[in-house]
Structures are given as structure tokens and as C-alpha cells.
Protein chains: 2
Amino acid sequence: MILKNQVEWVLHCCAILAGLPAGKYLSTKDLAEFHGVPKEYLSKALQHLSQAGIVESTLGPSGGYRLARPADAITFLDVVEAVEGSGRTFACNNIRNNNPCRSADHCDDKPCAIARIMWQADDAWRESLKSQTLSALIGTLEQEVPADLWTKSANWVLAKT
Amino acid sequence: MILKNQVEWVLHCCAILAGLPAGKYLSTKDLAEFHGVPKEYLSKALQHLSQAGIVESTLGPSGGYRLARPADAITFLDVVEAVEGSGRTFACNNIRNNNPCRSADHCDDKPCAIARIMWQADDAWRESLKSQTLSALIGTLEQEVPADLWTKSANWVLAKT
DNA sequence: GAGAGACTACTCGGATACAGTCTGTCCGAGTAAATCCGG
DNA sequence: CCGGATTTACTCGGACAGACTGTATCCGAGTAGTCTCTC
């Protein structure tokens with residue numbers, strides 16, 4: 001069980017988009033170039049973000065993507081679920097039903113105890129992702145990324161808009 | 001991202017093995033029959049448990065598996081990691097290195113901030129799994145499974161040893 | 001100089017291809033208990 | 001009745017195959033700015 005590359009890619013893309021001047025868009029091509037990832041495949045991931053309402057796009061020249069909400073209203077969970085789907089990471093197939101000792105009409109009133117524990121862990125994972133917003137990430141990056149690299153990157157992006 | 005079927009299977013198997021009389025083994029064949037899953041593929045999963053030191057096996061007739069430790073010393077995390085591996089669920093490929101603004105000799109002193117947040121969520125998931133032991137599961141099952149099904153199943157297992 | 005039309009650069013969505021993982025099967029080697037057989 | 005040989009029932013490990021998912025590429029359709037051309 002491992003998350004897709006696309007999750008890493010779009011998280012980095014969101015970090016860039018968060019620094020974009022209001023009203024400006026950044027194209028998939030530029031985002032792909034900046035991160036050194038295949039443009040067309042990254043595009044697929046961004047489409048998912050768009051469908052999830054995290055980013056919005058515009059067509060035509062000078063088109064591209066921008067955040068659809070302020071960065072403090074976008075959590076990591078939003079982004080991860082947009083790409084990975086919001087389904088549970090543990091699927092219960094109710095194999096307890098195959099128990100040869102069960103009568104045919106037996107009916108359980110609760111989900112399988114094993115599944116409940118696995119889902120509980122899943123919830124903990126989601127809660128943790130939910131507690132982290134994009135703006136918190138930007139704050140961390142501002143502190144940690146060297147100032148010259150930070151401004152150079154900002155200018156690189158600005159030149160593309 | 002979804003966990004393997006094998007995780008569900010071996011968790012159920014562990015629950016059965018926990019109820020085994022001391023010193024007795026239960027064969028893969030019986031475990032597979034009880035849960036209605038393919039014997040040979042289940043065997044692969046149990047081998048992983050064996051390598052992880054969670055269960056131990058013996059060869060020959062009346063051979064099979066039993067728990068290697070008391071049930072309260074086996075956590076869900078132990079079992080899940082035995083099957084899924086103990087690696088992170090988020091792989092950081094350091095795509096920040098592809099930033100065209102970086103000088104070639106630039107070196108980061110910390111892991112990527114995005115990866116750190118994802119790993120933090122991963123830790124929360126693992127912590128949750130770690131807090132649940134096999135014996136706690138047995139306790140829940142004893143309460144929730146109807147008494148007649150519970151004893152019938154126990155006798156079914158007993159008859160196989 | 002203004003307006004209509006052509007052009008361009010981008011997103012969007014579908015089709016396709018390839019690789020890797022998950023799921024499942026098959027079989028041979030090794031092992032330990034049970035059984036058999038000769039003395 | 002005893003001890004060694006054989007059989008049996010199991011695990012272990014590798015090889016293999018099919019299905020599904022993840023990764024990636026390509027292309028056509030649609031769209032919004034920009035440019036050009038004509039009047």
C-alpha cells in the first residue's frame with residue numbers, strides 16, 4: 001500500500017499555486033517543468049483537483065490553474081482524497097460469512113470487529129491530514145527554504161504568468 | 001491505495017489461532033477452509049507472519065501454525081506490517097530538486113516539508129494500529145459473537161487439531 | 001482605425017500502451033508423525 | 001513386541017499466469033485571448 005506519485009506532485013503544485021498573485025493562472029506545462037514531471041500525466045491529477053473544487057482552471061492562452069479557495073481553507077486531506085479517492089484504505093470482504101459453523105440465516109448487527117479497528121486507524125490518518133492546511137505548509141516553507149531560492153522561485157513563477 | 005486482501009485474511013486467522021489450545025497447531029488448509037479463501041495464497045501470507053515472528057509453524061502431519069507470542073503481545077500493527085511491509089505509505093521522490101532555480105550544489109538540511117506532514121499522518125495511522133492488540137480483539141468478539149456460534153466455531157477448530 | 005475572422009496556446013477528455021503489483025495456481029523439496037513390516 | 005523402513009500429511013519456496021492498477025503518452029475537441037486583414 002503506497003500513495004501515488006501524483007499525490008506528491010499535486011501537493012507541490014498547490015504550494016506553488018498558493019503563492020500566485022490573485023487572479024493569475026499557471027499552466028500545467030509550467031508546473032510540470034518546474035517540478036520535472038511529465039506534463040500530460042500531471043494534467044490528469046490536476047483535473048481531479050479541479051473536479052474536487054480545490055483548484056479552478058481557465059482555457060485558452062494564459063490559461064491554467066489557480067486555487068479555488070484561500071490556502072487556509074484547503075487541507076492535505078482535501079488534496080489527498082482528490083487524487084486517491086475518499087474510500088477506506090481497508091476493504092472488509094466479510095469473510096466471517098464463510099465460517100462453516102454459521103447458519104444460513106445468521107445476520108450480523110455490527111460490522112466486523114476487525115474492520116472497525118482498521119477503519120479507526122484509517123480515521124486517525126485522515127484526521128492528521130485534515131489538521132494540516134496549505135497555508136501552514138507555506139509558513140513552514142517560508143521559514144526553511146533559503147531566502148534567495150525562495151525569491152528566485154517566486155520570480156520564475158511570476159515570469160510565467 | 002488500499003490494503004491487500006491478505007491483511008484481512010491473516011487478521012482473521014490470528015483471531016482463530018489465539019483461541020487454540022496451548023501447544024496445538026492448525027493447518028493452512030483448515031484456516032483456508034474456515035475462512036473460504038484459497039489455501040495456497042493464504043499460505044503465502046502466513047509465511048510472512050512466520051518470518052516476522054508472529055506465528056510459528058511445524059512441519060509434517062498435524063503440523064500447521066500457532067501464535068509465537070501471547071495474544072496481548074501482538075498488535076495489529078505487527079500483523080499489518082508483516083504483510084504490507086513496514087515502509088512508509090508516502091514515498092518522497094524529492095521533486096523539489098528539479099526546481100530550475102536551484103543551484104547544482106544546493107543541499108537541504110531537512111526532509112521535504114510535504115513529506116514530513118505525510119509521514120506524520122502515517123505515524124498516526126501506525127500508532128492507532130499499535131494500540132490494538134489481538135487479545136483486545138478477542139475480547140470484543142467474545143462479547144459480540146452469539147454464544148452458540150462462538151462455541152460451535154471453537155469446537156470446529158478443536159476437532160481439527 | 002475598427003470590426004470580423006483566423007490563429008494560437010491552453011484545458012479537457014478519451015484512447016492507448018507498458019510496467020508493476022495483486023491475486024491465485026501448480027509443483028517439487030523437505031520434514032515429522034503415523035503406519036507397516038520383518039525379525 | 002520392537003525397531004527400522006515406508007507412507008502420509010503437512011510446510012516451505014519457487015515458478016508461473018491472469019487481472020488490475022499506476023504510470024505515461026498521444027491526439028482531437030473545445031475555448032479564450034491575440035493577431036491579422038479588410039474596409
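So you know, we letter chains A, B, ... as the sequences are listed, proteins then strands, and number each from 1.
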Using whole Å, report how far [atom1] of [X] lies from [atom2] of [N].
| X | N | atom1 | atom2 | result |
| --- | --- | --- | --- | --- |
| Q47(A) | dT25(D) | CD | P | 15 Å |
| N5(B) | dC22(C) | CG | C1' | 8 Å |
| L31(B) | dC10(D) | CG | C1' | 13 Å |
| R66(A) | dT11(C) | CZ | C1' | 15 Å |
| Y25(A) | dA9(C) | OH | C1' | 16 Å |
| L26(A) | dA9(C) | CG | C1' | 14 Å |
| H35(A) | dA24(D) | NE2 | P | 15 Å |
| L46(B) | dT11(D) | CG | P | 9 Å |

Any idea which of [options] is nearest the [X] side chain?
| X | options | answer |
| --- | --- | --- |
| K4(B) | dC22(C), dG33(D), dT11(D) | dC22(C) |
| L59(A) | dA9(C), dG30(D), dA32(C) | dG30(D) |
| Y41(A) | dG22(D), dG14(C), dG30(D) | dG22(D) |

Practice item. Find which nucleotide of DNA chain D each of I2(A) and S62(B) is nearest to by heavy atoms, and output the residue with the more 5' nucleotide. Key: S62(B)
Study note, to complete from the structure: By nearest-heavy-atom nucleotide on DNA chain D, the more 5' of G60(A) and E40(A) is E40(A)
Study note, to complete from the structure: Value for SG (C14(A)) from CG (L31(A)), rounded to nearest 0.5 Å, stands at 9.5 Å
Check your understanding: In Å and rounded to the nearest 0.5 Å, what is the CD to CG distance from E33(A) to L42(A)?
Key -> 12.5 Å
Check your understanding: Do K44(B) side-chain and dG14(D) base share a donor-acceptor contact under 3.5 Å?
Key -> yes
Review point. Just checking T58(B): base, sugar-phosphate only, or nothing, at a heavy-atom cut-off of under 4.0 Å?
Key: sugar-phosphate
Check your understanding: So which of V7(A), T140(A), L11(A) actually passes side-chain contact (heavy atoms from CB on, under 4.5 Å) with I114(B)?
Key -> L11(A)
Exercise for review: Check the pair D123(B), R88(B) against salt bridge (charged side-chain N to carboxylate O under 4.0 Å, His left out), reporting the backbone distance first and the verdict last.
Suggested key: CA-CA 9 Å; D123(B) 289 340; R88(B) 305 261 186 196; 3.2 Å; yes
Review point. Backbone N or O of R96(A) within a donor-acceptor pair of the N99(A) side chain at under 3.5 Å?
Key: no
Exercise for review: Check whether any side-chain N or O of T28(A) sits under 4.0 Å from OP1 or OP2 of dT11(C), and answer yes or no.
Suggested key: yes
